[in-house]
Every structure is written in C-alpha cells, then in structure tokens.
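Computation of the quantities below employed the complete heavy-atom set of this structure, encompassing side-chain atoms and omitting hydrogens, waters and symmetry-equivalent molecules. Below, read A as the first sequence line, B as the second, and so on, with proteins coming before strands; counting in each chain starts at 1.
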Amino acid sequence: MKMWKEHAAVKGMYDFDYVLSRMCFDPLIKADRGERWVEIPVRLEDEKHIVRVQAAGDTQNPEFLIQSDSLDQKELLIDYIYQLFQWEKDLSIIYSHFQQTDLAPLFKKHQGTPVVRDFHLYDCLMKTIIHQQLNMKFAYTLTSRFVERFGEQKDGVWFYPTPEKVARLQYDDLRKLQFSQRKAEYVIDTSRLIADNEINLDELSEKTDEEVIQEITKIRGIGVWTAENWLLFGVGRDDFLPAADIGIQNALKIFMNRDKKPQKEEIYEMSKDWSPYRSYASLVLWRSIEKN
DNA sequence: AACCAGGGAAGAT
DNA sequence: ATCTTCCATGGT
C-alpha cells in the first residue's frame, strides 16, 4: 500500500527501460522490466525507506511515478530519487555534444543513456572493490552473498550492511563466501576506516575529482580504477572514463576496428574531445558491447 | 585446457 | 619512477 505518489516529468531524453535492464543484472535489485518499475532502498539517518519508481512515458518523453509509504520524509526522498537518476540533467545537450565527435554513431544508437548513481556511496565502494578483476557473473554472485549474509532485507528489498557491521567482521567470515584473502582485507579494512570516521564518504564526495582520487587511493585496496568507478557510479560525476577498464578497452577495440585493445595513454588522448562528458562516453561504450 | 575477467599490492629493476 | 609477478576464483 503506497501512501503517496508524485509525478515527475523530465527534460530531454531518458532511456529508463535500459536503466532497468542494467539493474536487472544485479540480483539484489528488485525490479520488473515488464511493469517498468524498480524499488529503491534508501537509508536516511538509520531509517530504512523503500521508494518505487515507475516509468510512465518513453525515451523521448520521459515521465515517472514515484511512490512510497514513508510519509514523513516525502520531500527528502523525492530529492534523493532525482539525484539518483540524475533527472535534472538534460541528456539531449550531451547527445548534441557527442554528435560532433567520433562517437556520434554510438550516441545516435543509444540515445538517452543516463548516469544512474548506485543507491549509496558506501555500497558502491564495496561493490566496486568486490568486482575488481572478476567476471561480471561471479562478481554479482559474490556481492549477493555478501549482502544476503550481512545486510538487511525489508519487504523484499535488500539493504547493504552498514560499515559499522562490516567493521566488526573477521576476514574468515568473508573467506567462507569465497572472497580471496586480499579482497576480504580490502572490504573489511576500508569499512573500519569508514566506521572509525577516518574516511567520510559524504564529505569526500563534495571535493574535486583530483582531490577524491588522491585521497581515496591512499586506502589499501583502492586504486585508480576503483576511484574512477566510484566517482562515476557512486558520486555520479560527468567526466570519467576508466581507461584501465577491460570493458572500455574491448569496446574501443571493436568500435575502432582494431586488432589490439588500445592502451591507457591512447585512450586518454582520444577522449579529450569527449570531455567534459566522458562518463557518458563510458556508458555507451559499455553498452555497445552488451549482448542483445 | 588455456586464457580471460568492469585490478591492486608488493617486489624487482 | 616504471615494469613484473603474484593473488584467487569462476567463466568460456
């Protein structure tokens, strides 16, 4: 039973069905592509809320219905959803920008691909560490085990464990889930830093790209790839292209008809034209090598 | 059965 | 500073 509903009309273009298809890769996300909705877990000051977002329009005329039974936090939750899906951003401007670059055909084919943020900064960081160097299938399996074992579920919607909870775990608790020793250390040690307030992700997310990368890569287990992915998917920044990412390299190899994957230096060079929207280039490149 | 996967740290030049 | 090796496990 939903206590309130809110309608949202979004400027430009927005391919919500693609967003849903991506979310459905993640077994932890409760979504229905046929009925075009997803239920978002939102933690606000220790309270767990669930917000349902449902598509009402189409890519060229995006409209949405937002619903929740958390009556007291309505305005805050609506704002949260807008930031999550980045509805205030007009994707037709970004589309125009890329029509003057070599990626024009990809943007024509995949119109309205938005940067959608992960549900929480901490969740994103943990997920990104867990996903390091693993194929997507096993990466999602491992993340699911982590959340289903130590997180919390409410009305069928999964919430990641808090940093405080993960900080109290032993490395062996994660090894039992088939984490490597290293990965177990990275996840738990980073959570301890956060729980002890030596790292504050909310404050960090306000700083410049360069400051974030410099600070966060000081943490053992977090390199440049993880920092860039956190900025892109966690914070929702516009201008990141993880040049070391194997998926980006493969996509560029195919798009440019090469026989070898381009390396980091070459990728940085060719991506200059894509700035200040390199995150959107990343998204369509990843999208270009998806099956279906 | 080898090689790869949406890397990163530690050791070796 | 930059290059190489090892970590750890599932997928193809």
Applying the side chain to side chain contact (heavy atoms under 4.5 Å, CB included) test to A:R278, which of A:L283, A:L241, A:D273 qualifies? A:L241
Find the distance [X]:[atom1] to [N]:[atom2] and express it as a whole number of Å.
X      : N     : atom1 : atom2 : result
A:Y186 : C:dA8 : OH    : C1'   : 11 Å
A:H131 : C:dT9 : NE2   : C1'   : 14 Å
A:K137 : B:dC4 : NZ    : P     : 20 Å
A:Q133 : C:dA8 : CD    : C1'   : 10 Å
A:E265 : C:dT2 : CD    : C1'   : 12 Å
A:K183 : B:dA9 : NZ    : P     : 12 Å
A:I129 : B:dG7 : CD1   : C1'   : 11 Å
A:Q178 : C:dT9 : CD    : C1'   : 7 Å

Side chain of [X], heavy atoms from C-beta onward: which of [options] has the nearest atom to it?
X      : options              : answer
A:R220 : B:dA10, C:dA8, B:dG8 : B:dA10
A:D245 : C:dG10, B:dG6, B:dA9 : B:dG6
A:I246 : B:dA5, C:dG10, B:dA9 : B:dA5
A:Q132 : B:dG6, B:dG8, C:dT9  : B:dG8
A:N135 : C:dA8, B:dA5, B:dG8  : B:dA5
A:R22  : B:dG6, C:dT9, B:dG8  : B:dG6
A:R182 : C:dC7, C:dG10, B:dA5 : C:dC7
A:Q181 : B:dG6, C:dT9, C:dA8  : C:dA8

What nucleic acid atoms does [X] come within less than 4.0 Å of, heavy atoms only: base, sugar-phosphate, or nothing?
X      : result
A:I219 : sugar-phosphate
A:T128 : nothing
A:L142 : nothing
A:Y140 : nothing

Show your reasoning for whether salt bridge (charged side-chain N to carboxylate O under 4.0 Å, His left out) applies to A:E198 and A:R192. CA-CA 9 Å; A:E198 291 180 46; A:R192 287 178 179 161; over 6 Å; no
Interatomic distance at [atom1], [N] relative to [M], whole Å:
N      : M     : atom1 : result
C:dT12 : B:dG7 : P     : 16 Å
B:dC3  : C:dT5 : P     : 15 Å
C:dT4  : B:dG6 : P     : 24 Å

A:W230-A:D118 side chain donor-acceptor pair, cut-off 3.5 Å: no
OP1 or OP2 of [N] less than 4.0 angstrom from a side-chain nitrogen or oxygen of [X], does that happen here?
X      : N      : answer
A:N250 : B:dA5  : yes
A:T141 : C:dG10 : no
A:R175 : C:dC7  : no

Hey, which of these two, A:T217 or A:K261, hits DNA chain B nearer its 5' end, going by closest nucleotide? A:K261
Test ring-ring contact (aromatic ring centres under 6.0 Å, His included) applied to A:W286 and A:F255, A:F233, A:F25, the passing residue: A:F233
Scan A:K272, A:R258, A:K261, A:K260 and name whichever one has a salt bridge (Lys or Arg N to Asp or Glu O under 4.0 Å) with A:E266. A:R258
I want to know whether A:F64 and A:Y14 have ring centres closer than 6.0 Å. yes
Determine, stepwise, if the pair A:Q181 / A:E185 fulfils side chain to side chain donor-acceptor pair (under 3.5 Å). CA-CA 6 Å; A:Q181 178 66 26; A:E185 291 169 11; 2.9 Å; yes
